[in-house]
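I have placed the structure first, in the form of structure tokens, so that the comments after it can refer back to it.
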Amino acid sequence: GSGAGAALVEACIAQARADGCRLVRLSTQASMTAAHRLYVRAGFVRTPSYDWAPVPGIDLLAYALPLLPWTPGSAGPPTCLPRSRRPSVR
């Protein structure tokens with residue numbers, strides 16, 4: 001491809017870091033094998049315990065990218081809260 005997908009993934013990771021996130025988690029369809037390779041190249045690891053199906057017949061595979069040290073299989077660090085839900089710091 002043109003590299004647009006990789007650029008978008010990197011921009012999302014950069015924004016997550018800027019927002020103070022500790023972990024980026026995503027879901028993807030099993031058939032999207034090119035996307036799976038892109039996520040692995042970006043450092044994501046498969047997290048099968050988070051696989052899910054939003055509706056019958058649509059099975060989604062989960063991936064995670066720790067932005068802080070983390071061991072796959074552990075509970076892992078918490079994800080960040082959206083800006084609107086973060087506690088205010090005074």
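This is a predicted model, so every value here is computed, not measured.
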Show which side-chain atoms of residues 32-40 pair as donor or acceptor with protein atoms under 3.5 Å away, not counting sequence neighbours.
{"unit_1": "His36", "atom_1": "NE2", "unit_2": "Gln29", "atom_2": "O", "d": "2.9"}
{"unit_1": "His36", "atom_1": "NE2", "unit_2": "Met32", "atom_2": "O", "d": "3.3"}

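With sequence neighbours excluded, no residue forms a side-chain hydrogen bond (donor to acceptor under 3.5 Å, both in side chains) with Thr28. Not a single side-chain contact (heavy atoms from CB on, under 4.5 Å) links Pro56 to another residue, sequence neighbours left out. Residues passing the side-chain hydrogen bond (donor to acceptor under 3.5 Å, both in side chains) test with Asp51, sequence neighbours excluded: Arg46. Ala30 is linked by a side-chain contact (heavy atoms from CB on, under 4.5 Å) to Leu61, counting only residues two or more places apart in sequence or in another chain.
With rounding to the nearest 0.5 Å, the separation of SG in Cys21 from CG in Leu65 is 10.5 Å. Atom CG of Leu26 is separated from atom OH of Tyr50 by 13.5 Å, given to the nearest 0.5 angstrom. Of the inter-residue distances, the one linking Leu67 atom CG with Ile13 atom CD1 reads 7.5 Å to the nearest 0.5 angstrom.
Contacts classified as ring-ring contact (aromatic ring centres under 6.0 Å, His included) and involving residues 5-30 (residues at least two apart or in different chains) are not found.
Scanning all heavy atoms of the two residues, the minimum distance from Val9 to Ala42 falls at CG1-CB, 3.9 Å.
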